[in-house]
Amino acid sequence: MSKKVSALDMPDVPMGQLPEHLNRQRTRVTCNADAPIHTDAVHYSGAYSLMGVDNSMGLEKFSKNFKVEIVRLSEDEIEFDMIGIDASLANAFRRILIAEIPTMAIEKVLMVNNTSLIADEVLSHRLGLIPLDADPRLFEYLSENDVPNERNTIVYKLEVSCKKDSPRNTVKTNQLKWLPNGSELEMATLDKSAKVKSYTSFSCSQDSLPEISKKPLGVKHDDIIIAKLGPGQAIELEAHAVKGIGKVHAKWSPVASAWYRMLPEVVLLTEVKGQDAEKLVNKCPVNVFDIEDLGHGDKKAIVANPRACTLCRECIRGVNEELVELGRVKHHFIFTIESTGALSPEELFIEAVKILEEKCDRLLSELS
Amino acid sequence: MEHGSLSDLSASTFSLMDEDHTLANSVRFTLNQEDNFSCHFKLILAFNCGHKTNFPLTYCLCSPRVVFCGYSIPHPSDNKVNIRVQTTGDPAKEVLKDALENLTRMCQHVRSTFGKTVDDFKVKNQ
(Lines give C-alpha, C1' and ligand atoms only; values in the text may rest on other atoms or scores of the structure.)
Protein backbone atom coordinates (compact mmCIF):
# COMPACT_ATOMS: atom_id res chain seq x y z
CA MET A 1 0.00 0.00 0.00
CA SER A 2 1.57 3.32 -1.00
CA LYS A 3 1.93 6.01 1.62
CA LYS A 4 -0.17 9.15 1.08
CA VAL A 5 2.10 12.03 0.10
CA SER A 6 0.97 15.64 -0.10
CA ALA A 7 0.85 16.95 -3.62
CA LEU A 8 3.34 19.63 -2.62
CA ASP A 9 5.92 17.07 -1.51
CA MET A 10 5.92 15.03 -4.70
CA PRO A 11 9.47 14.63 -5.99
CA ASP A 12 8.88 16.27 -9.35
CA VAL A 13 7.23 19.40 -7.90
CA PRO A 14 10.05 21.77 -6.97
CA MET A 15 9.51 23.20 -3.51
CA GLY A 16 9.77 26.93 -3.21
CA GLN A 17 9.13 27.36 -6.92
CA LEU A 18 5.94 27.41 -8.88
CA PRO A 19 5.29 24.42 -11.14
CA GLU A 20 5.97 25.12 -14.80
CA HIS A 21 2.37 25.53 -15.92
CA LEU A 22 1.48 27.92 -13.09
CA ASN A 23 4.55 29.99 -13.74
CA ARG A 24 3.55 30.22 -17.38
CA GLN A 25 0.07 31.36 -16.38
CA ARG A 26 1.56 33.97 -14.09
CA THR A 27 4.07 35.46 -16.50
CA ARG A 28 2.58 34.98 -19.96
CA VAL A 29 -0.65 35.84 -21.73
CA THR A 30 -1.45 32.90 -24.02
CA CYS A 31 -2.96 34.12 -27.29
CA ASN A 32 -5.17 31.37 -28.64
CA ALA A 33 -6.86 31.46 -32.02
CA ASP A 34 -10.13 32.77 -30.63
CA ALA A 35 -9.12 34.90 -27.65
CA PRO A 36 -6.24 35.47 -25.23
CA ILE A 37 -6.32 33.69 -21.86
CA HIS A 38 -4.62 34.30 -18.50
CA THR A 39 -4.74 38.04 -19.14
CA ASP A 40 -5.22 38.98 -15.48
CA ALA A 41 -2.12 39.74 -13.48
CA VAL A 42 -1.75 37.87 -10.20
CA HIS A 43 -1.01 40.88 -8.00
CA TYR A 44 -1.57 39.58 -4.50
CA SER A 45 1.71 39.04 -2.68
CA GLY A 46 0.32 36.10 -0.73
CA ALA A 47 -1.28 34.37 -3.71
CA TYR A 48 1.05 31.36 -3.59
CA SER A 49 1.92 31.51 0.09
CA LEU A 50 0.67 27.98 0.77
CA MET A 51 3.27 26.68 -1.65
CA GLY A 52 5.94 28.76 -0.03
CA VAL A 53 6.33 30.98 -3.07
CA ASP A 54 6.59 34.72 -2.60
CA ASN A 55 4.63 36.56 -5.28
CA SER A 56 5.42 40.02 -4.06
CA MET A 57 6.79 42.65 -6.40
CA GLY A 58 7.61 45.08 -3.61
CA LEU A 59 10.15 47.87 -3.74
CA GLU A 60 13.30 45.78 -3.19
CA LYS A 61 12.45 43.14 -5.78
CA PHE A 62 11.27 45.84 -8.19
CA SER A 63 14.48 47.84 -7.84
CA LYS A 64 16.56 44.72 -8.46
CA ASN A 65 14.66 43.52 -11.53
CA PHE A 66 13.65 46.76 -13.25
CA LYS A 67 15.45 47.48 -16.53
CA VAL A 68 15.07 50.03 -19.31
CA GLU A 69 16.50 49.47 -22.79
CA ILE A 70 16.30 52.14 -25.45
CA VAL A 71 15.77 50.90 -28.98
CA ARG A 72 15.75 54.20 -30.83
CA LEU A 73 15.75 57.85 -29.87
CA SER A 74 15.28 60.82 -32.17
CA GLU A 75 14.18 64.41 -31.76
CA ASP A 76 10.51 63.54 -31.99
CA GLU A 77 10.21 59.86 -31.17
CA ILE A 78 11.48 57.33 -28.68
CA GLU A 79 11.01 53.56 -28.51
CA PHE A 80 12.17 51.81 -25.37
CA ASP A 81 11.60 48.60 -23.42
CA MET A 82 10.58 48.57 -19.77
CA ILE A 83 11.19 45.19 -18.17
CA GLY A 84 9.98 44.18 -14.73
CA ILE A 85 7.19 46.70 -14.35
CA ASP A 86 3.52 45.94 -13.88
CA ALA A 87 0.78 46.81 -16.36
CA SER A 88 -0.92 49.16 -13.90
CA LEU A 89 2.14 51.42 -13.71
CA ALA A 90 2.81 51.28 -17.46
CA ASN A 91 -0.80 52.21 -18.16
CA ALA A 92 -0.65 55.02 -15.61
CA PHE A 93 2.36 56.50 -17.43
CA ARG A 94 0.59 56.17 -20.78
CA ARG A 95 -2.56 57.88 -19.48
CA ILE A 96 -0.54 60.72 -17.97
CA LEU A 97 1.47 61.16 -21.19
CA ILE A 98 -1.70 61.57 -23.20
CA ALA A 99 -3.86 63.62 -20.87
CA GLU A 100 -2.04 65.21 -17.95
CA ILE A 101 1.23 66.75 -19.07
CA PRO A 102 0.72 70.50 -19.57
CA THR A 103 1.48 72.25 -22.87
CA MET A 104 0.88 75.66 -24.42
CA ALA A 105 -1.85 76.05 -27.04
CA ILE A 106 -3.87 78.92 -28.45
CA GLU A 107 -7.03 79.43 -26.41
CA LYS A 108 -8.39 82.93 -27.09
CA VAL A 109 -8.58 84.44 -30.55
CA LEU A 110 -9.40 88.14 -30.95
CA MET A 111 -10.79 88.63 -34.45
CA VAL A 112 -10.27 92.01 -36.01
CA ASN A 113 -11.13 91.18 -39.59
CA ASN A 114 -12.02 87.89 -41.24
CA THR A 115 -13.37 88.08 -44.75
CA SER A 116 -12.10 84.63 -45.72
CA LEU A 117 -14.26 81.62 -46.49
CA ILE A 118 -13.33 79.96 -43.19
CA ALA A 119 -15.77 80.87 -40.41
CA ASP A 120 -14.40 82.57 -37.29
CA GLU A 121 -14.93 79.62 -34.99
CA VAL A 122 -13.54 77.11 -37.46
CA LEU A 123 -10.46 79.26 -37.93
CA SER A 124 -10.04 79.60 -34.15
CA HIS A 125 -10.41 75.85 -33.72
CA ARG A 126 -7.66 75.27 -36.28
CA LEU A 127 -5.39 77.79 -34.58
CA GLY A 128 -5.86 75.99 -31.28
CA LEU A 129 -4.62 72.72 -32.74
CA ILE A 130 -1.32 74.16 -34.01
CA PRO A 131 1.60 72.74 -31.96
CA LEU A 132 3.63 75.56 -30.40
CA ASP A 133 7.36 75.40 -29.70
CA ALA A 134 7.08 76.71 -26.15
CA ASP A 135 8.35 74.94 -23.04
CA PRO A 136 5.31 74.80 -20.73
CA ARG A 137 7.52 74.55 -17.64
CA LEU A 138 8.43 78.24 -18.08
CA PHE A 139 4.83 79.36 -17.81
CA GLU A 140 2.12 79.38 -15.18
CA TYR A 141 -1.52 78.50 -15.49
CA LEU A 142 -3.97 81.30 -16.24
CA SER A 143 -7.16 81.04 -14.26
CA GLU A 144 -10.44 82.97 -14.56
CA ASN A 145 -9.52 85.87 -12.30
CA ASP A 146 -5.89 86.24 -13.33
CA VAL A 147 -4.62 89.05 -15.51
CA PRO A 148 -2.89 87.79 -18.66
CA ASN A 149 0.77 88.72 -18.29
CA GLU A 150 4.13 87.64 -19.66
CA ARG A 151 4.26 84.70 -17.27
CA ASN A 152 1.10 82.98 -18.42
CA THR A 153 0.27 84.08 -21.97
CA ILE A 154 1.94 83.99 -25.35
CA VAL A 155 0.53 86.38 -27.95
CA TYR A 156 0.60 85.73 -31.68
CA LYS A 157 -0.62 87.89 -34.56
CA LEU A 158 -1.83 86.81 -37.97
CA GLU A 159 -2.27 89.52 -40.58
CA VAL A 160 -2.63 88.29 -44.13
CA SER A 161 -4.55 89.38 -47.18
CA CYS A 162 -4.87 88.48 -50.81
CA LYS A 163 -4.84 91.38 -53.24
CA LYS A 164 -7.52 91.73 -55.89
CA ASP A 165 -6.59 90.27 -59.28
CA SER A 166 -3.95 88.03 -57.77
CA PRO A 167 -4.23 84.26 -57.52
CA ARG A 168 -5.43 82.48 -54.39
CA ASN A 169 -2.85 82.25 -51.67
CA THR A 170 -2.41 79.87 -48.79
CA VAL A 171 -1.98 81.01 -45.20
CA LYS A 172 0.63 78.85 -43.51
CA THR A 173 1.82 78.78 -39.89
CA ASN A 174 5.05 80.61 -40.75
CA GLN A 175 2.91 83.76 -41.07
CA LEU A 176 1.94 83.62 -37.37
CA LYS A 177 4.07 86.30 -35.77
CA TRP A 178 5.08 86.15 -32.13
CA LEU A 179 4.49 89.40 -30.22
CA PRO A 180 6.89 89.40 -27.27
CA ASN A 181 5.49 92.66 -25.93
CA GLY A 182 1.95 91.45 -25.53
CA SER A 183 -1.32 92.36 -27.12
CA GLU A 184 -1.41 95.33 -29.50
CA LEU A 185 -5.17 95.63 -29.51
CA GLU A 186 -6.88 98.08 -27.20
CA MET A 187 -9.89 97.31 -25.05
CA ALA A 188 -12.85 99.52 -25.81
CA THR A 189 -13.90 101.77 -22.93
CA LEU A 190 -16.77 104.22 -22.68
CA ASP A 191 -14.69 106.64 -20.63
CA LYS A 192 -12.65 108.57 -23.20
CA SER A 193 -10.32 110.08 -20.64
CA ALA A 194 -9.29 106.83 -18.98
CA LYS A 195 -5.91 105.31 -19.85
CA VAL A 196 -6.01 102.96 -22.82
CA LYS A 197 -5.79 99.33 -21.67
CA SER A 198 -4.73 96.45 -23.81
CA TYR A 199 -5.96 92.89 -23.49
CA THR A 200 -2.79 91.76 -21.79
CA SER A 201 -0.62 93.52 -19.22
CA PHE A 202 2.96 92.60 -19.93
CA SER A 203 5.28 94.26 -17.43
CA CYS A 204 8.31 93.44 -19.53
CA SER A 205 8.97 92.02 -22.96
CA GLN A 206 9.08 88.22 -23.07
CA ASP A 207 12.22 88.62 -25.14
CA SER A 208 14.04 89.87 -22.10
CA LEU A 209 13.24 86.85 -19.92
CA PRO A 210 16.39 84.74 -19.70
CA GLU A 211 14.92 81.34 -20.50
CA ILE A 212 12.81 82.54 -23.39
CA SER A 213 15.46 84.72 -25.00
CA LYS A 214 17.53 81.62 -25.75
CA LYS A 215 14.94 80.38 -28.24
CA PRO A 216 12.18 82.53 -29.74
CA LEU A 217 8.66 81.22 -29.16
CA GLY A 218 7.18 80.18 -32.46
CA VAL A 219 5.31 77.31 -33.98
CA LYS A 220 6.91 73.92 -34.31
CA HIS A 221 6.09 73.28 -37.97
CA ASP A 222 6.21 76.13 -40.50
CA ASP A 223 4.16 74.57 -43.23
CA ILE A 224 0.80 73.76 -41.67
CA ILE A 225 -1.99 75.28 -43.79
CA ILE A 226 -4.29 77.46 -41.67
CA ALA A 227 -6.58 78.85 -44.37
CA LYS A 228 -6.76 79.74 -48.05
CA LEU A 229 -7.59 83.24 -49.26
CA GLY A 230 -9.18 84.29 -52.51
CA PRO A 231 -8.64 87.73 -54.09
CA GLY A 232 -9.85 90.54 -51.88
CA GLN A 233 -10.03 88.47 -48.71
CA ALA A 234 -8.11 89.21 -45.54
CA ILE A 235 -7.57 87.83 -42.06
CA GLU A 236 -6.43 89.93 -39.13
CA LEU A 237 -6.43 88.39 -35.68
CA GLU A 238 -4.56 88.09 -32.42
CA ALA A 239 -4.23 84.73 -30.69
CA HIS A 240 -3.42 84.21 -27.02
CA ALA A 241 -1.89 80.89 -25.97
CA VAL A 242 -2.18 79.56 -22.44
CA LYS A 243 -1.11 76.49 -20.48
CA GLY A 244 -3.49 73.54 -20.17
CA ILE A 245 -3.69 69.74 -20.01
CA GLY A 246 -5.02 67.18 -22.49
CA LYS A 247 -7.87 66.18 -20.17
CA VAL A 248 -9.58 69.54 -20.79
CA HIS A 249 -9.01 69.62 -24.57
CA ALA A 250 -6.95 67.42 -26.85
CA LYS A 251 -5.10 70.43 -28.28
CA TRP A 252 -3.09 70.48 -25.05
CA SER A 253 -1.89 66.88 -25.43
CA PRO A 254 1.92 66.87 -25.87
CA VAL A 255 2.10 63.54 -27.71
CA ALA A 256 1.03 62.65 -31.22
CA SER A 257 0.37 59.49 -29.44
CA ALA A 258 2.01 57.34 -26.79
CA TRP A 259 1.36 53.64 -26.68
CA TYR A 260 2.84 50.39 -25.44
CA ARG A 261 2.62 46.74 -26.34
CA MET A 262 3.76 43.67 -24.46
CA LEU A 263 6.68 41.71 -25.86
CA PRO A 264 5.31 38.93 -28.11
CA GLU A 265 6.58 35.39 -27.56
CA VAL A 266 6.45 32.83 -30.37
CA VAL A 267 7.26 29.22 -29.46
CA LEU A 268 7.50 26.35 -31.91
CA LEU A 269 5.88 23.35 -30.26
CA THR A 270 7.31 20.74 -32.63
CA GLU A 271 10.13 20.60 -35.15
CA VAL A 272 8.89 21.94 -38.45
CA LYS A 273 10.94 20.67 -41.36
CA GLY A 274 11.04 20.77 -45.14
CA GLN A 275 7.94 21.84 -47.04
CA ASP A 276 6.03 22.63 -43.83
CA ALA A 277 8.82 24.96 -42.79
CA GLU A 278 8.60 26.82 -46.09
CA LYS A 279 4.82 27.12 -45.74
CA LEU A 280 5.13 28.45 -42.19
CA VAL A 281 7.71 31.04 -43.13
CA ASN A 282 5.57 32.28 -46.02
CA LYS A 283 2.43 32.54 -43.90
CA CYS A 284 3.84 35.22 -41.58
CA PRO A 285 3.44 38.76 -43.04
CA VAL A 286 6.14 40.28 -40.85
CA ASN A 287 8.81 37.55 -41.23
CA VAL A 288 8.88 36.27 -37.68
CA PHE A 289 10.06 32.84 -38.89
CA ASP A 290 13.11 31.97 -40.88
CA ILE A 291 14.62 28.89 -42.45
CA GLU A 292 17.72 27.31 -40.98
CA ASP A 293 19.69 24.99 -43.25
CA LEU A 294 20.66 21.78 -41.52
CA GLY A 295 22.79 20.50 -44.36
CA HIS A 296 21.94 17.68 -46.81
CA GLY A 297 19.12 19.85 -48.17
CA ASP A 298 17.33 19.60 -44.83
CA LYS A 299 15.54 22.73 -43.65
CA LYS A 300 14.08 23.66 -40.27
CA ALA A 301 11.93 26.61 -39.28
CA ILE A 302 13.20 28.82 -36.46
CA VAL A 303 11.77 31.87 -34.74
CA ALA A 304 14.03 34.65 -35.98
CA ASN A 305 12.29 37.86 -34.96
CA PRO A 306 9.51 37.38 -32.38
CA ARG A 307 9.53 41.08 -31.52
CA ALA A 308 8.02 41.94 -34.91
CA CYS A 309 5.01 39.69 -34.33
CA THR A 310 1.74 41.60 -34.54
CA LEU A 311 -0.31 38.61 -33.32
CA CYS A 312 -2.28 38.42 -36.57
CA ARG A 313 -2.55 34.68 -35.83
CA GLU A 314 -2.03 33.67 -39.47
CA CYS A 315 0.33 30.91 -38.38
CA ILE A 316 -2.31 29.21 -36.21
CA ARG A 317 -5.34 29.85 -38.40
CA GLY A 318 -7.01 26.85 -40.01
CA VAL A 319 -4.23 24.49 -38.94
CA ASN A 320 -5.13 21.01 -37.77
CA GLU A 321 -2.12 20.36 -35.58
CA GLU A 322 -0.57 22.87 -33.22
CA LEU A 323 2.78 24.02 -34.52
CA VAL A 324 3.10 27.40 -32.91
CA GLU A 325 2.09 28.86 -29.57
CA LEU A 326 1.69 32.62 -29.40
CA GLY A 327 1.87 34.58 -26.22
CA ARG A 328 2.89 37.84 -24.63
CA VAL A 329 5.35 38.39 -21.80
CA LYS A 330 3.46 40.14 -19.02
CA HIS A 331 6.03 42.43 -17.44
CA HIS A 332 7.91 43.50 -20.57
CA PHE A 333 6.52 46.62 -22.28
CA ILE A 334 7.64 48.14 -25.56
CA PHE A 335 6.80 51.81 -25.18
CA THR A 336 6.64 54.26 -28.09
CA ILE A 337 6.25 57.99 -27.50
CA GLU A 338 5.80 60.43 -30.40
CA SER A 339 6.10 64.04 -29.29
CA THR A 340 4.41 66.96 -31.10
CA GLY A 341 7.44 69.08 -30.39
CA ALA A 342 7.19 71.22 -27.28
CA LEU A 343 9.17 68.80 -25.15
CA SER A 344 11.50 66.03 -26.30
CA PRO A 345 10.12 62.50 -25.86
CA GLU A 346 12.51 61.48 -23.10
CA GLU A 347 11.67 64.65 -21.17
CA LEU A 348 7.98 63.85 -21.63
CA PHE A 349 8.36 60.44 -19.99
CA ILE A 350 10.26 61.90 -17.05
CA GLU A 351 7.55 64.55 -16.61
CA ALA A 352 4.90 61.82 -16.65
CA VAL A 353 6.66 59.92 -13.85
CA LYS A 354 7.01 63.18 -11.89
CA ILE A 355 3.28 63.84 -12.25
CA LEU A 356 2.44 60.37 -10.86
CA GLU A 357 4.72 61.11 -7.89
CA GLU A 358 2.94 64.44 -7.36
CA LYS A 359 -0.43 62.69 -7.34
CA CYS A 360 0.81 60.31 -4.64
CA ASP A 361 2.21 63.21 -2.61
CA ARG A 362 -1.04 65.11 -2.86
CA LEU A 363 -2.98 62.10 -1.65
CA LEU A 364 -0.47 61.46 1.15
CA SER A 365 -0.79 65.03 2.40
CA GLU A 366 -4.58 64.73 2.32
CA LEU A 367 -4.42 61.56 4.38
CA SER A 368 -2.05 62.92 7.03
CA MET B 1 -12.81 61.23 2.66
CA GLU B 2 -12.27 58.12 4.75
CA HIS B 3 -15.46 56.22 5.41
CA GLY B 4 -15.23 53.50 8.00
CA SER B 5 -16.10 52.45 11.52
CA LEU B 6 -14.59 54.31 14.46
CA SER B 7 -14.17 51.12 16.48
CA ASP B 8 -12.62 49.01 13.73
CA LEU B 9 -9.94 50.95 11.86
CA SER B 10 -8.80 48.02 9.75
CA ALA B 11 -11.43 48.36 7.04
CA SER B 12 -12.39 51.60 5.33
CA THR B 13 -13.24 53.15 2.02
CA PHE B 14 -11.32 56.19 0.82
CA SER B 15 -13.24 58.48 -1.48
CA LEU B 16 -10.86 60.53 -3.66
CA MET B 17 -11.86 63.56 -5.69
CA ASP B 18 -10.32 64.41 -9.08
CA GLU B 19 -8.73 61.00 -9.53
CA ASP B 20 -9.29 58.21 -11.98
CA HIS B 21 -7.86 54.85 -13.08
CA THR B 22 -4.38 56.34 -13.44
CA LEU B 23 -3.72 56.61 -9.71
CA ALA B 24 -6.28 54.11 -8.42
CA ASN B 25 -5.00 51.09 -10.35
CA SER B 26 -1.38 51.87 -9.45
CA VAL B 27 -2.30 52.21 -5.76
CA ARG B 28 -4.23 48.94 -5.93
CA PHE B 29 -1.10 47.27 -7.27
CA THR B 30 1.15 48.58 -4.48
CA LEU B 31 -1.49 47.79 -1.84
CA ASN B 32 -1.42 44.17 -2.97
CA GLN B 33 2.33 44.08 -2.34
CA GLU B 34 2.09 45.37 1.23
CA ASP B 35 3.49 42.91 3.74
CA ASN B 36 5.19 42.75 7.13
CA PHE B 37 8.92 42.01 6.90
CA SER B 38 9.69 38.90 4.85
CA CYS B 39 12.12 36.65 6.66
CA HIS B 40 13.75 33.79 4.83
CA PHE B 41 15.30 30.92 6.64
CA LYS B 42 16.95 27.79 5.39
CA LEU B 43 16.32 24.38 6.91
CA ILE B 44 18.99 21.79 6.41
CA LEU B 45 17.47 18.35 6.62
CA ALA B 46 19.49 15.20 6.82
CA PHE B 47 17.77 12.34 5.10
CA ASN B 48 17.84 9.04 6.88
CA CYS B 49 18.70 6.92 3.89
CA GLY B 50 22.19 5.68 4.39
CA HIS B 51 23.99 8.86 3.44
CA LYS B 52 23.43 12.33 4.66
CA THR B 53 21.98 14.75 2.19
CA ASN B 54 21.89 18.45 2.68
CA PHE B 55 18.53 19.56 1.44
CA PRO B 56 18.11 23.29 1.85
CA LEU B 57 14.55 24.46 1.98
CA THR B 58 13.86 28.17 1.76
CA TYR B 59 10.64 29.22 3.36
CA CYS B 60 9.54 32.74 2.67
CA LEU B 61 7.36 33.97 5.48
CA CYS B 62 5.73 37.13 4.27
CA SER B 63 2.57 37.97 6.11
CA PRO B 64 0.49 40.18 3.87
CA ARG B 65 -1.13 43.15 5.58
CA VAL B 66 -3.99 43.46 3.13
CA VAL B 67 -6.98 41.13 3.08
CA PHE B 68 -8.91 42.97 0.38
CA CYS B 69 -8.21 45.97 -1.79
CA GLY B 70 -10.02 47.31 -4.81
CA TYR B 71 -11.25 50.49 -6.42
CA SER B 72 -14.38 51.54 -8.21
CA ILE B 73 -15.56 54.61 -10.04
CA PRO B 74 -19.17 55.21 -8.96
CA HIS B 75 -20.10 57.17 -12.11
CA PRO B 76 -17.89 58.14 -15.03
CA SER B 77 -19.25 61.68 -15.13
CA ASP B 78 -18.21 62.36 -11.53
CA ASN B 79 -14.51 62.65 -10.88
CA LYS B 80 -14.58 60.34 -7.86
CA VAL B 81 -12.79 57.09 -7.05
CA ASN B 82 -13.56 54.84 -4.09
CA ILE B 83 -10.63 52.76 -2.83
CA ARG B 84 -11.55 49.98 -0.41
CA VAL B 85 -8.85 48.64 1.93
CA GLN B 86 -9.34 45.82 4.44
CA THR B 87 -6.32 44.79 6.46
CA THR B 88 -5.18 42.06 8.82
CA GLY B 89 -5.22 44.36 11.84
CA ASP B 90 -3.29 47.50 10.96
CA PRO B 91 -5.34 50.67 10.46
CA ALA B 92 -6.33 50.93 6.80
CA LYS B 93 -5.06 54.52 6.62
CA GLU B 94 -1.53 53.47 7.60
CA VAL B 95 -1.47 50.68 5.03
CA LEU B 96 -2.67 53.05 2.32
CA LYS B 97 -0.04 55.61 3.29
CA ASP B 98 2.69 52.98 3.15
CA ALA B 99 1.45 51.83 -0.25
CA LEU B 100 1.55 55.42 -1.55
CA GLU B 101 5.09 55.91 -0.23
CA ASN B 102 6.15 52.68 -1.94
CA LEU B 103 4.57 53.87 -5.18
CA THR B 104 6.45 57.18 -4.90
CA ARG B 105 9.73 55.33 -4.37
CA MET B 106 9.03 53.03 -7.30
CA CYS B 107 8.40 56.08 -9.51
CA GLN B 108 11.66 57.66 -8.36
CA HIS B 109 13.49 54.46 -9.21
CA VAL B 110 11.86 54.36 -12.65
CA ARG B 111 12.84 57.97 -13.25
CA SER B 112 16.46 57.53 -12.24
CA THR B 113 16.88 54.28 -14.22
CA PHE B 114 15.32 55.84 -17.30
CA GLY B 115 17.39 59.02 -17.02
CA LYS B 116 20.60 57.02 -16.66
CA THR B 117 19.74 54.80 -19.63
CA VAL B 118 18.94 57.79 -21.84
CA ASP B 119 22.24 59.47 -20.93
CA ASP B 120 24.19 56.27 -21.63
CA PHE B 121 22.40 55.87 -24.96
CA LYS B 122 23.12 59.46 -25.97
CA VAL B 123 26.80 59.10 -25.08
CA LYS B 124 27.08 55.84 -26.98
CA ASN B 125 25.36 57.22 -30.09
CA GLN B 126 27.08 60.59 -30.31
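- Between the side chain of B:T87 and the backbone N or O of B:V66, no donor-acceptor pair lies under 3.5 Å.
- The aromatic rings of A:F333 and A:Y260 sit perpendicular to each other, their planes meeting at more than 60°, with 30° as the lower class boundary.
- For the set B:T113, B:L16, B:V110, the entry with the most heavy-atom pairs within less than 4.5 Å of chain A is B:V110.
- The ring-ring contact (aromatic ring centres under 6.0 Å, His included) test applied to A:Y44 returns no partner, not counting sequence neighbours.
- If you tally non-hydrogen atom pairs under 4.5 Å between each of B:L23, B:L31, B:N125, B:V27 and chain A, the highest count goes to B:L23.
- Note on residues 112-126 of chain B: pairs passing salt bridge (charged side-chain N to carboxylate O under 4.0 Å, His left out), not counting sequence neighbours, are A:E346-B:K122.
- Interface residue A:V71: only backbone heavy atoms are found under 4.5 Å from chain B.
- Inter-residue side-chain proximity for A:P264 and A:P306 is flagged as unmet; no heavy-atom pair is nearer than 4.5 Å.
- Looking at heavy atoms from C-beta onward, A:E107 lies out of side-chain contact with A:H249 at the 4.5 angstrom threshold.
- At a 4.5 Å heavy-atom cutoff, the contact between B:E34 and chain A is made by backbone atoms alone.
- Between B:T30 and B:L100, the closest side-chain pair of non-hydrogen atoms is not below 4.5 Å.
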Check: residues 84-95 of chain A side-chain donor-acceptor pairs under 3.5 Å, at least two apart:
residue	atom	partner	partner atom	Å
A:D86	OD1	A:H43	NE2	3.3
A:D86	OD2	A:H43	NE2	3.0
A:D86	OD2	A:S88	N	3.0
A:D86	OD2	A:S88	OG	2.7
A:N91	OD1	A:R94	NE	3.0
A:N91	OD1	A:R94	NH2	3.0
A:R95	NE	B:T22	OG1	2.8
A:R95	NH2	B:D20	OD2	3.1

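- Residues of residues 356-368 of chain A lying under 4.5 angstrom from chain B, judged on non-hydrogen atoms, are A:L356, A:E357, A:K359, A:C360, A:D361, A:R362, A:L363, A:L364, A:E366, A:L367, A:S368 in numerical order.
- Both the backbone and the side chain of B:M106 come within contact range of chain A, judged by heavy atoms closer than 4.5 Å.
- Considering A:L73, A:I78, A:V68 in turn, A:L73 is the only one that fulfils the side-chain contact (heavy atoms from CB on, under 4.5 Å) rule with B:F121.
- For A:E100, the part lying near chain B is the side chain, with the backbone staying farther off; criterion is any non-hydrogen pair under 4.5 Å.
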